[in-house]
2 protein chains.
Amino acid sequence: MKNTATRDKLIDSGAQLISQQGYNATGINAVLKTCGVPKGSFYHYFSSKEDFGLAVIERFATTYDETLVSLLEDSDTPPLERLKRYFAAGREHMHECDHATGCLIGNLGQELSGQSDTFRDALNLVFQRWEQRFVRCLQDAQARGDIATHTAPEALASFILTGWEGAILRAKTLKSVEPMEQFETILFQQVLARPSP
Amino acid sequence: MKNTATRDKLIDSGAQLISQQGYNATGINAVLKTCGVPKGSFYHYFSSKEDFGLAVIERFATTYDETLVSLLEDSDTPPLERLKRYFAAGREHMHECDHATGCLIGNLGQELSGQSDTFRDALNLVFQRWEQRFVRCLQDAQARGDIATHTAPEALASFILTGWEGAILRAKTLKSVEPMEQFETILFQQVLARPSP
DNA sequence: CTTAAAGTAGACCAGTCAGTCTATTGCTTT
DNA sequence: AAAGCAATAGACTGACTGGTCTACTTTAAG
């Protein structure tokens with residue numbers, strides 16, 4: 001398995017289609033068509049559609065984690081600013097996809113975690129990795145005294161990820177980023193507020 | 001169209017299967033099998049699968065709205081207590097379905113709002129109706145002085161619905177209601193906190 | 001130059017999908 | 001009793017599903 005170009009093309013097209021239509025609604029033939037790869041190659045690189053789906057998740061998680069690191073662990077920027085930048089990037093992405101795509105991991109979590117334990121485990125791991133990135137950013141904020149320390153950063157990270165995923169879902173059905181803005185506003189006003197001295 | 005028993009059976013089975021597997025993964029034949037209704041009857045009551053899906057949404061929204069009213073608009077109970085009862089009911093339901101089902105409207109919103117504008121509109125309306133229920137409950141709380149008035153009840157309602165839906169999604173992939181508890185805790189501690197006098 | 005493996009290519013398979021069609025049953029109104 | 005409609009019943013259709021199979025081409029090693 002040396003030539004990864006074809007494999008990469010398959011994963012790219014797959015990620016795009018699955019983002020738009022979901023896993024079940026995306027047929028293998030459709031993936032093959034959009035990237036001009038014959039079926040023989042598909043089953044040379046992947047043992048099944050599930051195997052392919054897991055590869056799509058893995059690839060997305062890996063590349064997205066780089067984005068996340070550059071946004072949330074940039075020590076040149078104050079931690080709360082980094083968070084705001086992260087939210088802004090999410091809103092921008094929502095605009096770019098015309099409020100249709102949202103978050104691939106969130107979508108698949110909703111669609112597949114009741115259907116397959118393998119998928120659920122994979123998606124859960126991705127969420128946990130993301131939460132860890134938030135935790136570090138929040139620890140920085142607490143260390144600098146930007147936010148109160150009475151709530152554990154782990155709890156805050158879970159709260160933020162959870163709320164943000166929900167806001168993305170709501171933004172999709174509303175076709176507007178308003179819920180994402182509203183979440184951010186209240187979060188910074190009342191949860192990540194400066195501690196009273 | 002007098003006999004609604006068969007129609008109801010179809011919708012019931014459909015709601016159950018769609019809750020578990022999603023809309024695209026649920027075939028009409030599977031619905032027919034689980035309730036022992038022949039295909040002829042299905043297409044007698046519904047013009048297409050989409051038509052059927054919309055009927056499932058409508059029925060669910062209607063019956064669930066009754067639950068919502070009894071939980072959130074019961075004037076014998078303090079408004080914040082009503083909210084807590086609502087969250088508790090949600091967690092209980094999550095346990096009952098072994099963390100697999102979650103919220104039918106949330107699931108379909110994720111799966112279909114990028115796929116069909118008809119579905120998106122229908123689901124959006126349901127969300128907006130729910131938000132209104134929260135708004136009234138929060139207005140009560142503000143009127144009683146239980147929570148601060150510096151944030152509009154509409155904004156709070158959006159924040160709560162959004163966060164709760166996200167918590168449900170996260171609970172599904174984690175197979176644990178912990179994210180739902182965490183959301184509730186931080187919400188009451190820092191967002192729906194008693195106003196300082 | 002030979003040979004084996006990696007990779008490409010697409011015809012083909014059984015099964016399933018949403019949806020159609022015709023036939024029949026049961027009830028209601030005349 | 002007759003007519004007409006609501007509803008039941010399920011065989012059937014063409015399109016499409018994930019997956020298999022065989023044949024061919026390219027690459028690399030000995």
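Just so we're on the same page: letters track the sequence lines, and every chain starts at 1.
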Separation of A:H44 atom NE2 from D:dT27 atom C1', in whole Å?
-> 12 Å
Just checking A:G40: base, sugar-phosphate only, or nothing, at a heavy-atom cut-off of under 4.0 Å?
-> base
Within the structure shown, what part of the strands sits under 4.0 Å from A:T26 by heavy-atom distance: base, sugar-phosphate, or nothing?
-> sugar-phosphate
Mapping A:A25 and B:G36 to their closest nucleotides on DNA chain D, which lands nearer the 5' end?
-> B:G36
Report whether B:I105 and B:V135 are members of the same hydrophobic cluster (ILVMFWY, side-chain heavy atoms less than 4.5 Å apart, transitive linking).
-> no
If you measure from the Lys or Arg side-chain nitrogens to the Asp or Glu carboxylate oxygens, is any gap between B:K9 and B:D12 under 4.0 Å?
-> no
Let me know the distance between NZ of B:K49 and P of C:dT20, rounded to the nearest Å.
-> 15 Å
Any salt bridge between B:E73 and B:R133, counting N to O under 4.0 Å?
-> yes
Go through C:dG19, C:dG7, D:dG18 for me and flag the one nearest to the B:I28 side chain.
-> C:dG19
Please test A:Q21 against A:T26 for side-chain hydrogen bond (donor to acceptor under 3.5 Å, both in side chains), starting from the C-alpha separation and ending with a verdict.
-> CA-CA 6 Å; A:Q21 317 170 326; A:T26 300; 3.2 Å; yes
A:N29 CG to C:dA11 C1', in whole Å, measures 12 Å
Rounded to whole Å, CZ of B:F42 lies from C1' of D:dA6 at a distance of 18 Å
By nearest-nucleotide position on DNA chain D, the 5'-leaning member of B:V37 and A:E50 is B:V37
Whole angstrom is fine here: how far is it from CZ in B:R7 over to P in D:dT8?
-> 12 Å
Round to a whole Å and report the spacing from OH of B:Y43 to P of C:dT22.
-> 17 Å
Closest to the side chain of A:K39, out of C:dT20, D:dG19, D:dT8, is D:dG19
For B:F52 and C:dC17, give me the distance from atom CZ to atom P, rounded to whole Å.
-> 14 Å
Measure from the side chain of B:T6, starting at C-beta and using heavy atoms only, and say which of C:dA18, D:dG19, D:dT8 lies closest.
-> D:dT8
The side chain of B:S48 lies closest to which of these nucleotides: D:dT17, C:dG19, C:dA9?
-> C:dG19
For atom OH of A:Y45 and atom P of D:dG18, their distance in whole Å = 20 Å
Report whether A:L138 and A:F159 are members of the same hydrophobic cluster (ILVMFWY, side-chain heavy atoms less than 4.5 Å apart, transitive linking).
-> yes
